[in-house]
Amino acid sequence: MSFSEKIISWYTKNGRKLPWRNTNDPYIIWLSEIILQQTRVEQGAPYFDSFVTKYPDVRKFADAEEGDILRLWQGLGYYSRARNMHRAAKLVVAEFQGNFPTRYADVVQLPGVGDYTAAAISSFSVNEKQAVLDGNVFRVLARYFGIAIPINSGEGKKVFKSLAQELISNNNPGVYNHAIMDFGAIHCKPKVPLCETCVFRLECVAYKENRVSELPVKIKGKASRNRFFHYFVHEKGESILMSKRGDGDVWSNLFELPLIETEDDLDLVGLMQLDEFMTHFEGADLLPINGQVKHILSHQNIYARFYRLENLPEVKEKKEEWNYFLSENLDKLAKHKLIFSFLNKYIS
DNA sequence: AAGCCGGGGCT
DNA sequence: AGCCCAGGCTT
């Protein structure tokens with residue numbers, strides 16, 4: 001049996017039943033694939049359901065308000081995915097008359113669709129022979145063939161891509177792609193792979209040479225940096241002061257509370273002595289809401305403190321990005337304005 | 001080629 | 001504490 005036949009055979013018995021596998025509709029497949037980028041199946045599945053229900057076809061998606069799409073996306077992370085989806089949907093309506101494209105060459109041109117997603121959409125919808133290359137495939141191939149080239153290097157991407165394209169099944173490219181990803185996700189797992197019950201035990205180079213834990217090889221990225229955020233709750237009558245984040249940073253263009261960021265951690269006294277604090281909040285009493293909260297992103301550690309501003313009739317020198325929003329509390333505000341889930345988690 | 005962009009679960 | 005997840009875009 002060939003590699004592809006064997007992996008498909010494994011998949012037939014052990015594969016997962018997932019909602020987005022019951023369709024050939026490229027729009028539905030696109031929806032699922034974007035949601036699942038760098039996102040676990042269990043985390044993305046509820047979002048997939050909401051999006052399919054609210055936007056059953058690409059025209060509905062294209063006609064939606066970007067704010068509504070982002071609100072439904074809240075908590076998933078990598079928010080540019082949602083914005084790119086909106087742009088892509090509009091492009092499909094404008095250039096493909098609302099018929100979602102299926103050819104690799106067409107879908108790969110849509111914003112937010114790269115090599116992996118284009119291969120997935122074209123193979124799953126019309127069985128175009130395009131091998132997917134995701135974290136699972138890298139891992140399975142690196143171990144099976146004992147390849148130690150870093151998977152996140154330029155050479156690694158080329159080597160693994162051509163290898164994947166050689167291995168893909170001629171008859172069932174779509175099923176094969178599902179199969180190898182499921183095999184990586186369920187069986188050939190990153191940390192504790194199930195080698196003892198693996199159908200490739202006798203062929204897998206990494207297993208035979210006892211290098212399973214060393215593969216795949218990955219070049220390490222930069223260490224996370226630490227940031228210190230000081231958030232302020234300022235209420236004026238029935239309104240609360242909110243701030244819209246700018247570009248070029250995390251959570252770009254999403255709403256949050258007014259914020260002072262500092263290089264180092266500061267206590268209440270130190271904070272009140274800052275020029276930036278004095279400029280806007282001079283004379284206010286500062287009430288800590290909770291202790292320091294640590295919020296970990298993949299590339300930075302955010303240490304946040306939350307304060308309530310009391311006895312401050314109005315902020316001074318209000319910044320451009322600051323605006324008052326009518327709200328009895330932040331929880332209600334989240335329903336009609338965008339607040340990333342980070343805030344919802346710690347303030348209520 | 002390297003950095004940046006989230007949130008969550010596992011070891 | 002570090003790694004990984006159905007990656008893609010920008011510089």
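- Rounded to the nearest Å, the gap between the P atom of B:dC5 and that of C:dA6 is 23 Å.
- Ring centroids of A:Y324 and A:H234 are separated by less than 6.0 Å, placing the two rings close together.
- Between A:I34 atom CD1 and C:dC5 atom C1' the separation is 15 Å, expressed in whole Å.
- Between A:E5 and A:S2, the closest heavy-atom pair is OE1-N, 2.9 Å.
- Distances shown here put every side-chain N or O of A:H299 at or beyond 4.0 Å from the OP1 or OP2 atom of B:dC4.
- The distance between atom NZ of A:K294 and atom C1' of C:dA1, rounded to the nearest whole Å, is 8 Å.
- In summary, A:R40 and A:E42 do not engage in a salt bridge, as defined by a charged side-chain N under 4.0 Å from a carboxylate O.
- For C:dG8, its base never sits under 3.5 Å from the side chain of A:S80 at any donor and acceptor pair.
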Start with the C-alpha gap between A:V41 and A:W20, add the side-chain angles, then the distance that decides, and say whether side chain to side chain contact (heavy atoms under 4.5 Å, CB included) holds.
-> CA-CA 11 Å; A:V41 164; A:W20 44 87; 4.0 Å; yes
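- Residue A:S298 places a side-chain atom within donor-acceptor reach of the base of B:dG6, judged by atom type and a 3.5 Å distance cut-off alone.
- As judged by a 4.0 angstrom heavy-atom cut-off over every strand, A:W73 is placed among residues making no nucleic acid contact.
- Among the candidates A:L163, A:L215, A:V205, the single residue satisfying the side chain to side chain contact (heavy atoms under 4.5 Å, CB included) test with A:I147 is A:L163.
- Using a 4.0 Å cut-off, no side-chain N or O of A:R225 falls inside it from OP1 or OP2 of B:dC4.
- Distance OH (A:Y79) to P (B:dC5): 13 Å, rounded to an integer number of Å.
- Going from atom CG of A:D182 over to atom C1' of C:dA6 covers 10 Å, rounded to whole Å.
- The aromatic ring centroids of A:F51 and A:W73 lie less than 6.0 Å from each other.
- Ring-centre distance between A:W30 and A:F61: below the 6.0 Å cut-off.
- Within the 4.0 Å cut-off from OP1 or OP2 of B:dG6, not a single side-chain nitrogen or oxygen of A:H295 is found.
- The 5' end of DNA chain B is approached more closely, in terms of each residue's nearest nucleotide, by A:K222 than by the other of A:K222 and A:Q37.
- Taking atom CD1 on A:I151 and atom P on B:dA2, their separation rounds to 14 Å, with Å as the unit.
- Taking only side-chain nitrogens and oxygens, A:Q38 never comes nearer than 4.0 Å to OP1 or OP2 of C:dC5.
- Within the 4.0 angstrom heavy-atom criterion, only backbone atoms of the sugar-phosphate kind lie near A:T117; the bases stay farther away.
- The shortest side-chain heavy-atom distance between A:Y78 and A:Q37 does not fall under the 4.5 Å cut-off.
- The two residues A:R225 and A:R227 come nearest to each other via the heavy atoms NH2-NH1, 3.4 Å.
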Polar atom pairs between nucleotides 9-11 of chain C and protein, under 3.5 Å, N or O only, would you list them?
residue	atom	partner	partner atom	Å
C:dC9	OP1	A:G112	N	2.7

For nucleotides 9-11 of chain B, give me every protein contact, N/O to N/O, under 3.5 Å, one pair per line with atom names.
none

